[in-house]
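Labels below follow one simple rule: chain letters A, B, ... track the order of the sequence lines, proteins then strands, and each chain is numbered from 1. Scope of the values below: all heavy atoms of this structure, side chains included, with no hydrogens, waters or symmetry mates.
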Amino acid sequence: MWSDLLDSLTPAQREAVEHLEGPLLILAGPGSGKTRVITHRIANLLRHGVPARAILALTFTNKAADEMRARLERLAPGEPVWMSTFHRFCSRLLRQYGPLVGLRENFTIYDSSDSRNVLRRTLDELHIDAVLYPPERIASAISWAKNNLITAEHYQARPGHPLGSVVAKVYPAYQARLLASSAVDFDDLLLHVASMLRESPETRSALDARYRYILVDEYQDTNLAQYTIARALSIDVPNLAVTGDPDQSIYGWRGANLRNILDFEQDYPAVRVVKLERNYRSTKRILRVADTLISYNQRRKKKGLYTENDEGQSVGLLAYATQRAEAESISAYIAEGIRAGRRRPRDFAIFYRVNALSRSLEFALREEGIPYQMVNGLEFYQRREIKDVLSYLHLINNPRDDNAFLRVINTPPRGIGKSTIGRLAEHAARYQHSLLDAARESGLIESLNKRAAVAVAKFVSLYDRLSLMAAAPVEEVLGHVLSESGYQQFLRESEDEEDQERLANIEELLTAARQFDENNPGEGRLETFLEEACLVNETDAWQADDDRVTLMTLHASKGLEFPVVFIVALEEGLLPHERSREHNELLEEERRLLFVGITRAREELQLSLATYREFRGQRRRTVPSQFLMELPRGEMRVVEPSWNDPAWVTEDEMPWEADAPETASEPEIKLPVASGPISTTPLTTAAKLHGTETAELPHTSPDAFHQGMVVRHPEYGLGKVVALSGSGAKRSATIAFASLAGQKKFMLAQSQLRPAKSL
DNA sequence: ATTCGCAAAGTTTTT
DNA sequence: CTTTGCGAAT
């Protein structure tokens, strides 16, 4: 069994896998079997007796970590090698070592919208005009600073930069707020760990000794903070192996520093460099297109990509008249492939630069009746109702979490408005209390009228009741929150259709909680659950096994592959994006982005653009992407717009002014009228659970019970499900009966409970 | 205090 | 165009 480990590898892969001690740099081109090399190398380490706990594999996304874990599991089952994202790893470290940098163990992780809220409040407090100094810009300046390990105390504005001097004021205040709330933002996770490793040499060397073998995937995407952390853990035991491809670095805007990988050999002179240049994924033609394009970049390490795969079909380069034609042609092609039985929906993927471009594609796919899934911006955990409910949990977990407090204090509405909150905040600021503590003293705050004080006191007692549950299974805690806060009832009674969808989403959250409980029995559940909720995103939920066409941004496509790939809207301003025009570095990143997209394709690739595109509601004539001039067009299948306008050839040939003869259907671009409303959220969940109507069944399975439903008990009569928890035979429900004061908990399998007709 | 309506703004990518 | 934020009216 172990012998297979090396047999199936090529010499280059084998060299990397067999490298045990000392620094290692694996330069892995797209489709070169990188993950395979990493997992085999870990398996090889294990085979040589390295204990699993001495190995740490750090990735950039959860998806990559999961993938790696699954593949290692096949090679070396049951080995608890720590594989996670940098952020999650840091989060875990901070739970333990946080106090070294002034952080409590129960800190809350603020996602970008949370931290944006905090920033806004900070700007408010400092009376900074949000119009003159956009929060957006300030946030990214702070983020940039953190990624470059510049702390609030050390931040200095470059002279003559008005925004910079504002940031110099705001950053410390923002940071103080986070600390007071015992919270961290994403960047803090890295920054705090980096500081901790610097300030506590004992901890650093202990961790260095513990993690003897460290692997960092996608090293080209690391920022200075990540670089520093990896480095700090590889000083005494310098077995640091990194993999990456400078040509696939697409996160420069997030602080990723290409230097980290380009200069790795200088940082670790003893390094062994292995280049994986053979591509196992794409056809020769696709690879040539990719290689030609990327050769226009200056900042890179030259690689000789090659493949033994077939020549393949020629790569398509299509100019459509309109985006609608583009979308319809693509869907028709997909439909044809499926109908002919050559392909399945899941074989296809469509990539675009910005999410906004998905609409026409979605529409066309729906018209053809092609199932698709979109990996898109509005994430589950970002939905309002989910954030609301989770905020209760956050507040239970961390009473100082002011952001959560503000979110739930009047959700659902309980008569606590702006002015009351303002007075609480004033009081809290004066005595350096958290908002929750201020609320506890509501009776003592003179500026509060009695009614407000009573409402606040009621909230506090609700909170105290809920926090008693903190140690229970997450599903149960969530159930109590929903029942006792009145949130669920509030949504139920709402006339708004949207609120009904929200209920379904909450139902989904309960399911997630239940699954979490099953996987994580034991202590500290709430905290872990919340951490997961913060650090997980939609891309991670993308399902390869769903038989659907995939729509996603080019960024999201990294690490994936599909038999047939379409990349749309190769137009100036979109790809390359207009914001990249100023700097050549940014332009090169856009080129890499296209490179990444191209190299996702296994067999067929089509690039396209439209001569006209709807932009912010307006039809605009487009300019072809400059990248199109960098492709080996001679060997591509080039198709021009249907009305024979050589729209995108070369600059002097472009008859932009000479108006194209419009074909009959051309001028009116009207979307076909659909019968009935069309859901704009393709992948939602809403359809799944209509937990409203339940007939009385002779045998009631535990699954028939839902959060908040009305039930009947032969002895106690009518009651309501307050919370559910456990699974299988141990599934139990907490019921509040109309006839009794308190609540009762039942094991569903043995109880006499039956669903009752809804009220 | 809540709700409604309007205006404005802002649209890249993600942990 | 869509969403989000803000200010006004009830």
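Contact annotation: A/Arg120 side-chain N/O to C/dG5 OP1/OP2 distance is under 4.0 Å. Listed pair A/Asn410 / B/dT2 meets the phosphate criterion, a side-chain N or O lying under 4.0 Å from OP1 or OP2. Phosphate proximity of B/dA1 to A/Ser419: present, with a side-chain N or O under 4.0 Å from OP1 or OP2.
A/Lys558 forms a cation-pi arrangement with A/Phe60, by the criterion of a distance under 6.0 Å to the ring centre and an angle within 45° of the ring axis.
What separates CG of A/Leu119 from C1' of C/dG5 is a distance of 15 Å, to the nearest Å. Between the CZ atom of A/Arg121 and the C1' atom of C/dG5 there is a distance of 15 Å, given to the nearest Å.
Of all nucleotides listed (B/dT2, B/dT14, C/dT2), B/dT14 comes nearest to the side chain of A/Trp253. Listed nucleotides C/dT2, B/dT2, B/dT13 differ in distance to A/Arg359; the shortest reach to its side chain belongs to C/dT2.
Residue A/Arg579 is in base contact, counting any heavy-atom pair closer than 4.0 Å across all strands shown.
Judged purely by distance below 3.5 Å, without hydrogens or angles, the side chains of A/Asp185 and A/Tyr174 pair a donor atom with an acceptor atom.
Nucleotides of DNA chain B nearest to A/Tyr251 and A/Thr420 differ in position, and the one nearer the 5' end is that of A/Thr420. Both A/Phe86 and A/Ile416 lie close to DNA chain B; mapped to their nearest nucleotides by heavy-atom distance, the more 5′-ward contact belongs to A/Ile416.
Below 30°, between 30° and 60°, or above 60°: for A/Tyr251 and A/His555 the angle between ring planes is between 30° and 60°, a tilted geometry. The aromatic rings of A/Tyr227 and A/Tyr219 sit tilted, their planes meeting at an angle between 30° and 60°.
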